[in-house]
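All ligand and atom numbering here is 1-based and tracks the order in the structure.
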Amino acid sequence: MADQTPNSDYGAEQIQVLEGLAAVRKRPGMYIGTTDVAGLHHLVWEIVDNAIDEAMAGYCKNIVVRLHKDGACSVDDDGRGIPVDTHKKTGKSALETVLTVLHAGGKFGDGGYKVSGGLHGVGSSVVNALSVKLVAEVKRDGKLYRQEYGRGDPKTKVEVVGKSDHTGTRITFYPDSEIFEHTEFDLQTVIGRLRQQAYLTKGIAIAVVDERTDVVYRFYFEGGVRAYVQHLNIKKEPIGEVMYIEKDVPEGNIEIALQYSQSFQEHVVSFANNIFTPEGGMHLTGFRSALTRTINNYARKHELLKEKEENLSSEDVREGLTAVISVKLGNPQFEGQTKSKLGNTEMRTAVEAVFGTFLDMYFEEHPSEARAAFAKCALAARARLAARAARDTVIRKGLLDGLTLPGKLADCSSRDPSISELFLVEGDSAGGSAKQGRNREFQAILPLRGKILNVEQARLDRILANAEIKALVIAMGAGVGEQFDVTKLRYSKIVIMTDADVDGAHIRTLLLTLFYRYFRQVIEAGHIYIAQPPLYKLAFGKTVRYVYSDEEKEVTLKEFKDKTASIQRYKGLGEMNPEQLWETTMDPSARSMLRVTIDDGERADAVFDTLMGSEVAPRKKFIQAHAKSVKNLDI
Ligand code: TSJ
C-alpha cells in the first residue's frame with residue numbers, strides 16, 4: 001500500500017499539481033484541442049496510447065477497450081502494471097504521478113518507443129482532470145491495487161483490494177459533462193482508430209467491446225502494415241503482391257508495405273511512433289526518393305526505358321501506389337503547422353537506404369512484378385505528358401485566366417476574397433432563385449447542370465475537359481494541378497448548395513471528391529461549406545417557421561400545439577422563392593452551414609472509395625444512408 005509519510009515538499013508540490021490540473025479544466029481546449037466529440041475521443045486515445053507503449057516495449061499482448069452502459073470507458077492491458085510503490089522523493093506512487101502530474105507520461109520507466117511521448121501525448125493526467133470519476137486498477141506482485149479520483153483529485157490512497165496472479169493495468173473513466181458537449185462515445189470512431197493501431201503494432205490483439213449494444217470487435221494483424229495495405233487496396237485491382245520490409249537499424253525501426261494497383265490515385269500513409277503524420281516528413285521523403293531511384297535504375301538496367309527517354313518522375317511512380325510507412329524512433333521531432341510532420345533527418349537516410357536495398361532485391365527476385373509495376377508508372381508518365389500538353393493548350397487559349405470568367409457565373413461585385421462567397425448550386429432553376437435572392441455585393445452563384453464528371457476514375461486532362469469543372473476552376477481563380485495556389489482563391493467560402501435528396505447527395509459527393517482529389521488544400525484551409533436548406537416550412541397563421549429536420553419539426557409543432565399548422569415540405573431548392581432561399585439558407589445572419597473538414601485521410605479515402613469505386617452496391621447504400629442526414633457527410 002502507498003506510504004503516505006509526509007515530507008516538507010509535499011504540501012507545496014500538491015498545490016502545484018492542483019494548479020496544473022485546474023488549468024486543464026479551465027482551458028481544456030489547450031490540452032485536447034476541442035471539447036466536442038473529437039476532444040471526447042481524445043481521452044480514449046490518450047489512455048490507449050499508454051497501453052500501446054507497453055506493447056511496443058514488448059510487455060503487453062492484449063488490450064481491451066470497453067464502452068460501458070453507464071457512460072464510462074475502460075481500457076485494460078496485460079502489461080507489467082503501473083508501479084504503485086511510493087517514490088522517496090515525491091512521496092507519491094508512479095501511478096498517482098502519471099495520473100496527476102501534467103506531462104508525466106514517458107518521464108520514468110525504461111526506454112523503448114513511445115506513442116504518448118509524441119504529438120498529442122498530453123498525458124493521462126489530462127484525462128483524469130476532465131473525468132468526473134476515474135478508477136485505476138493495477139495487478140502486480142500478486143495483488144490487485146485500486147485508486148479512485150474525482151476531477152483529477154485522489155479520492156482514496158492506493159489500496160490493496162484483492163489478489164491476482166496476473167499483471168496489468170485497467171483505467172476506467174467517466175468524462176465530465178461540465179466539460180464536454182456530448183459524453184457519449186461513438187463506436188465507429190473508436191474502432192477506426194483501434195484498427196489502425198492494431199495494424200501498426202504487429203502481433204497485438206485489441207478488442208473493442210460495446211456493452212451498450214453488445215457488439216465486440218477484435219483486431220489482430222500478424223502481418224502488421226502488410227495487412228494494412230491489403231485492407232486499403234481491398235476494392236482496387238492490385239498489381240502483384242504486397243511488398244513488405246521490416247528492419248531494426250541504429251536509428252530505430254522501419255516497417256514499410258506497398259503495392260501498386262490500377263487506380264490513378266496515390267494512397268500513402270505514414271506514421272512515426274504510431275502517430276499519423278499527414279504532413280509526411282523525413283521518413284516519407286526517404287521512401288519517395290528510394291522508390292523513384294530504384295524503379296528508374298531497374299528500368300535502365302533491364303532496358304525498359306530507352307536511352308533517349310526521360311526518367312520517370314516522382315509523380316509517375318506515385319500513381320496507383322498504396323503504401324504504409326511506419327517508423328519508430330527514440331526521440332521523434334514533430335514539426336509543421338499541425339505538428340504532424342516528422343523532422344528527424346536521420347530517418348530520411350535510414351529509410352532511403354533500407355527501402356532502396358529492399359526494393360532493388362525484390363525487383364531482381366520478382367521480375368514479372370517489377371515489369372508490371374514499371375508498366376503502370378510508364379503509363380502515368382505518358383498521361384502526365386498528355387496532361388501537360390492539354391494544360392498548356394488551356395493556358396495558351398487563356399481559358400483559365402481570371403479575365404474570362406465563365407458566362408454562367410453570376411459573380412459578386414466585391415473583389416475581396418475574405419468576404420466573398422461562391423455558391424455552387426444544383427440545376428438552373430435553383431441557380432436562378434439563388435441569383436435573385438443573393439446579396440450580390442459578396443455572393444457569387446455558379447449553377448452546375450447535370451452530373452459533373454466522376455473524377456475518381458479520370459485524369460487531370462479529362463477533368464479539365466469537363467465544362468462544369470472548368471467553369472468552377474476558372475471561377476475559383478487559383479489555377480490547377482502543380483500550379484494550383486490556394487492563396488489566390490477568389491472566395492473564402494465555397495458553398496455547396498444541393499437538394500436534400502439522393503441526387504443532391506450524389507452531386508455533393510462528386511464535388512467533394514473533386515475537391516478532395518484535386519484541390520485538397522481548399523478543404524484543408526476550411527473554405528468548403530455545405531449549405532443547409534430547410535426541410536419544411538411551418539405556418540401557424542401569420543407566424544412562419546423553417547425547420548431543418550424531422551425532429552425539429554416535431555418540437556416546433558408541439559411548441560405551437562394549440563394552433564393549426566400548414567406544413568410544406570421542400571423537395572428541392574427550386575420550390576423556394578428567392579426571398580425564402582435568402583432568408584433560410586443564404587443570409588449570413590440566419591443560415592447555418594457545415595464546414596467540411598478532413599478528419600482522417602484514410603477514413604475519407606475509404607468513404608470515397610466506397611462512393612466512387614467501380615463497385616455499385618456499396619455505393620448506393622452509402623449515398624442513401626446519407627441522403628437524409630447531411631450532418632454525417634463530413635469527410
Ligand atoms: F497512464 C495510464 F494510466 F493512463 C495507463 C497506463 C493506462 C493504461 C490502460 C495502461 C497503462 C500502462 C502503463 N500499462 N502498462 C504500463 N506500464 C508501466 O507504467 C510500467 C510498468 C513497469 C515498469 C518497470 O520499469 O518495471 C515501467 C513502466 C513504465
(request) Any atoms of ligand 1 less than 4.0 Å from a non-hydrogen atom of R140? List them with their elements. (result) 22 (C)

(message) Polar contacts were defined as any N/O atom of the residue lying under 3.5 Å from an N/O atom of the ligand; does this apply to D77 and ligand 1?
(response) yes

(request) Quick one: closest heavy-atom pair of C73 and F185, and the distance? (result) CB-CE1, 3.6 Å

(request) For residues V324 and L232, determine if any side-chain heavy atom of one lies less than 4.5 Å from a side-chain heavy atom of the other. (result) yes

Side-chain donor-acceptor distances from residues 166-173 under 3.5 Å, at least two apart:
| unit_1 | atom_1 | unit_2 | atom_2 | d |
| --- | --- | --- | --- | --- |
| T167 | OG1 | G79 | O | 2.6 |
| T169 | OG1 | I82 | N | 3.3 |
| R170 | NE | D76 | OD1 | 2.9 |
| R170 | NE | D76 | OD2 | 3.2 |
| R170 | NH2 | D76 | OD2 | 3.4 |

(message) Just to be sure I read this right, does ligand 1 sit under 4.0 Å from the backbone of V98, its side chain, both, or neither, counting only heavy atoms?
(response) side chain

(message) If the cut-off is 4.0 Å to any non-hydrogen atom of V75, which atoms of ligand 1 fall inside it?
(response) 9 (C)

(request) State the atoms of ligand 1, each with its element, that fall below the 4.0 Å cut-off from a heavy-atom position in L99. (result) 3 (F)

(message) With heavy-atom distances below 4.5 Å as the criterion, would you say the side chains of T277 and K341 are in contact?
(response) no

Taking only distance into account, with no hydrogens and no angle test, what donor-acceptor pairs under 3.5 Å do side-chain atoms of residues 219-227 form with protein atoms, sequence neighbours excluded?
| unit_1 | atom_1 | unit_2 | atom_2 | d |
| --- | --- | --- | --- | --- |
| Y220 | OH | E222 | OE2 | 3.4 |

(message) Quick check on contacts: which atoms of ligand 1 are under 4.0 angstrom from a heavy atom of G81?
(response) 21 (C), 22 (C)

(request) Take every heavy atom of S124, measure it against each atom of ligand 1, and state whether any distance is under 4.0 Å. (result) yes

(request) Please could you name the atoms of ligand 1 that R80 approaches to less than 4.0 Å, counting only its heavy atoms? (result) 20 (C), 21 (C), 22 (C), 23 (C), 24 (C), 25 (O), 26 (O), 27 (C), 28 (C)

(request) Start with the C-alpha gap between M347 and L329, add the side-chain angles, then the distance that decides, and say whether side-chain contact (heavy atoms from CB on, under 4.5 Å) holds. (result) CA-CA 9 Å; M347 263 301 152; L329 65 170; 3.9 Å; yes

